[in-house]
Engineer: 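Encoded as structure tokens, here's the structure I'll be asking about.
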Amino acid sequence: MKVLSIFGTRPEAIKMAPLVSALQRDPQIHSVVCVTGQHREMLDQVLALFDLRAQHDLDIMVPNQTLNGLYARLISRVDAVLETERPDCVLVHGDTSTASACALASFHRRARIGHVEAGLRTGNLAMPFPEEMNRRVVDAVGDWLFAPTAESRGNLLRENLPGRITVTGNTVIDALAATCAKLAPDGPLARGLAARYGWLDSSRRLLLVTGHRRESFGEGFRNICAALAGLARRDDLQIVYPVHLNPQVRNVVMKALAGLPHVHLIDPLDYLDFVWFMQRAYLILTDSGGVQEEAPYLGKPVLVMRDVTERPEAVRAGTVALVGTDTQRILDEVNRLLDSPERHSAFSRRINPYGDGRACQRIVDALCGRAVAEFDPYASAVPH
């Protein structure tokens, strides 16, 4: 069975890398990889970390590209790969333009499509934009719908979609487990990172921040920065913020926070470095979907700077709380976690609803027609 895996952004690469490795190990599968280059440098870093090589590289990005321009180029360029490879299955991941455009191109070619991380929904096409629409498009044309959770399966069933649904857990937990294994505390990688980031103050708790969502551009990011400026006045806290390269994020953040004491504005991190920072964080403030899944595995409380999330399982499990982009609400919730060890402990000791490190093998087994024991967090996950 020839399986063509297509991905283009760093989050996709992180979540697809362990799956590609599992595909390559299976004797029933001929694995081919195509990257679109939607995130160029960050994508290459992940490929190197997981020792993967792409047979096709579409190198899709051009300066100041619009979403429509990106989509058109993706469909046009991936079509030649589909013509050359003629795969039995095309695997795409998540909710990116790469995923939806390449799934649509594959559908036009009558190739069978597997959607990794199927079924996530907010119910609002504007939040997140355009990711909510992208994910629905892929699910509509998918033949294999690999839902990470039972709730995702429920979303797919309610939409009466024709694809075969399998609850697998999220492959990001497979990737995170493999990366944590590389970061053994006494190992050379961990020692090297500790030396590289020697400016961290061990006497202060670490608040790790990430933010990039389009719906927060403008007032949302100004509010977030105002909250961070207020938190920076605490004597027991240091803030590390790897700032996204998008000018609509970077310009606002740099103007508001550069030069504040105990606020470290750094360039985007390699995945290995970012996992190392997550391991050391006392809590995480983010608008990232992936971080909402990864942090519970590490026992880290997460406050999500969004009003809705397509990952409600962690909110119900108590590992994540939504705080939006309101300045006072962010301040209040971060301070509550910093000032209440009991509240922090309640977040940290929950069961991770997103995976047990065996999602990739479930997907490979499903593609090969083998029996699959579906993911159940309460049957197989271990509380932290």
Side-chain angles (χ1 to χ4, degrees), residues 7 9-19 39 42-43 45-46 49-50 93-96 116-117 120 128 131 146 148-149 151-152 168-183 189-190 193 206-213 240-242 244 268-306 309-322 337 344 347-360 375 377 380-384:
F7 49 93
T9 67
R10 185 176 92 153
E12 287 172 290
I14 291 166
K15 294 182 177 186
M16 288 292 281
L19 177 54
H39 288 173
M42 293 186 288
L43 173 66
Q45 292 165 3
V46 176
L49 174 63
F50 288 94
H93 183 280
D95 57 11
T96 65
V116 181
E117 202 182 80
L120 278 66
E131 289 86 356
F146 299 117
T149 66
E151 175 139 346
S152 299
T168 62
N170 201 300
T171 61
V172 77
I173 304 303
D174 299 40
L176 182 57
T179 304
C180 287
K182 295 175 185 285
L183 287 170
L189 286 176
L193 289 168
L206 172 59
L207 171 62
L208 180 62
V209 181
T210 74
H212 70 282
R213 290 286 177 183
V240 174
Y241 189 168
H244 200 278
L269 294 165
D270 294 357
Y271 183 61
L272 188 76
D273 297 48
F274 186 70
V275 170
W276 185 85
F277 270 100
M278 282 199 295
Q279 290 176 325
R280 276 143 192 82
Y282 190 76
L283 65 97
I284 300 172
L285 183 64
T286 187
D287 61 13
S288 163
V291 174
Q292 293 175 58
E293 298 156 345
E294 292 166 314
Y297 178 84
L298 299 172
K300 305 298 180 178
V302 183
L303 298 177
V304 180
M305 298 180 292
R306 294 166 61 181
T309 178
E310 66 275 32
R311 294 168 172 85
E313 298 90 351
V315 177
R316 281 197 298 274
T319 62
V320 163
L322 297 176
L337 278 167
H344 185 276
F347 269 73
S348 302
R349 293 180 179 175
R350 304 290 184 174
I351 285 175
N352 181 3
Y354 292 118
D356 57 3
R358 299 195 291 271
C360 294
F375 170 63
S380 55
V382 177
H384 292 276

Engineer: Judged by atom type as modelled, is there a donor-acceptor pair below 3.5 Å linking the side chain of Ser348 to the main-chain atoms of Gly299?
Structural biologist: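 Between the backbone of Gly299 and the side chain of Ser348 there is a qualifying donor-acceptor contact (under 3.5 Å).
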Engineer: Which value, rounded to the nearest 0.5 Å, describes the distance between Lys182 atom NZ and Leu272 atom CG?
Structural biologist: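 The distance works out to 8.0 Å.
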Engineer: Can you tell me how far apart CG (Leu206) and OH (Tyr282) are? Round to the nearest 0.5 Å.
Structural biologist: 12.0 Å
Engineer: Could you tell me the separation between the CZ atom of Arg311 and the CG atom of Leu322, rounded to the nearest 0.5 Å?
Structural biologist: 12.0 Å
Engineer: Should Asp356 and Ile173 count as side-chain neighbours, where that means a heavy-atom distance under 4.5 Å?
Structural biologist: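 Contact flag for Asp356/Ile173 side chains = no.
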Engineer: Under a 4.5 Å cut-off applied to non-hydrogen side-chain atoms, are Met305 and Leu285 in contact?
Structural biologist: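 A side-chain contact under 4.5 Å exists here.
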Engineer: Closest approach of Ala281 and Ile284, non-hydrogen atoms and distance?
Structural biologist: CB-CG1, 4.0 Å
Engineer: Please report the closest heavy-atom contact between Pro18 and Cys360, naming both atoms and the distance.
Structural biologist: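 Taking every non-hydrogen atom into account, C-SG, 3.5 Å.
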Engineer: Would you mind reporting whether Val172 and Pro148 have side-chain heavy atoms less than 4.5 Å apart?
Structural biologist: no
Engineer: Of all the heavy-atom pairs spanning Glu12 and His93, show the shortest one and how long it is.
Structural biologist: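 Taking Glu12 first and His93 second, the nearest heavy atoms are OE2-O, 3.6 Å.
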Engineer: Find out whether Leu208 and Lys300 are in side-chain contact, i.e. whether some heavy atom of one side chain is under 4.5 Å from a heavy atom of the other.
Structural biologist: no
Engineer: Can you tell me how far apart CH2 (Trp276) and CG (Asp270) are? Round to the nearest 0.5 Å.
Structural biologist: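 If I round to the nearest 0.5 Å, the distance is 13.5 Å.
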Engineer: Does the side chain of Gln292 come within less than 4.5 Å of Val304's, by heavy atoms?
Structural biologist: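 In contact.
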Engineer: Do the side chain of Asn170 and the main chain of Tyr354 share a donor and acceptor less than 3.5 angstrom apart?
Structural biologist: no
Engineer: What closest approach, in Å, do Tyr271 and Ala175 show between heavy atoms, and which atom pair accounts for it?
Structural biologist: OH-C, 4.2 Å
Engineer: On a heavy-atom basis, which atom in Tyr241 and which in Val209 lie closest, and how many Å separate them?
Structural biologist: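 Between these two residues, the closest heavy atoms are CD2-O, 3.5 Å.
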Engineer: Does a side-chain heavy-atom distance below 4.5 Å link Leu176 with Leu298?
Structural biologist: yes
Engineer: Rounded to the nearest 0.5 Å, how far apart are CG of Asp273 and OG1 of Thr179?
Structural biologist: 11.0 Å
Engineer: Does any part of the side chain of Thr171, heavy atoms only, come nearer than 4.5 Å to the side chain of Phe146, both counted from C-beta?
Structural biologist: no
Engineer: Tell me the closest heavy-atom pair linking Arg306 and Asp287, and the distance in Å.
Structural biologist: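 Nearest pair, atom of Arg306 first, then Asp287: CD-O, 3.4 Å.
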Engineer: Does the side chain of Leu303 reach to within under 4.5 Å of the side chain of Leu337, using non-hydrogen atoms?
Structural biologist: yes
Engineer: Rounded to the nearest 0.5 Å, what separation is found between the CZ atom of Phe7 and the CD1 atom of Ile14?
Structural biologist: 11.0 Å
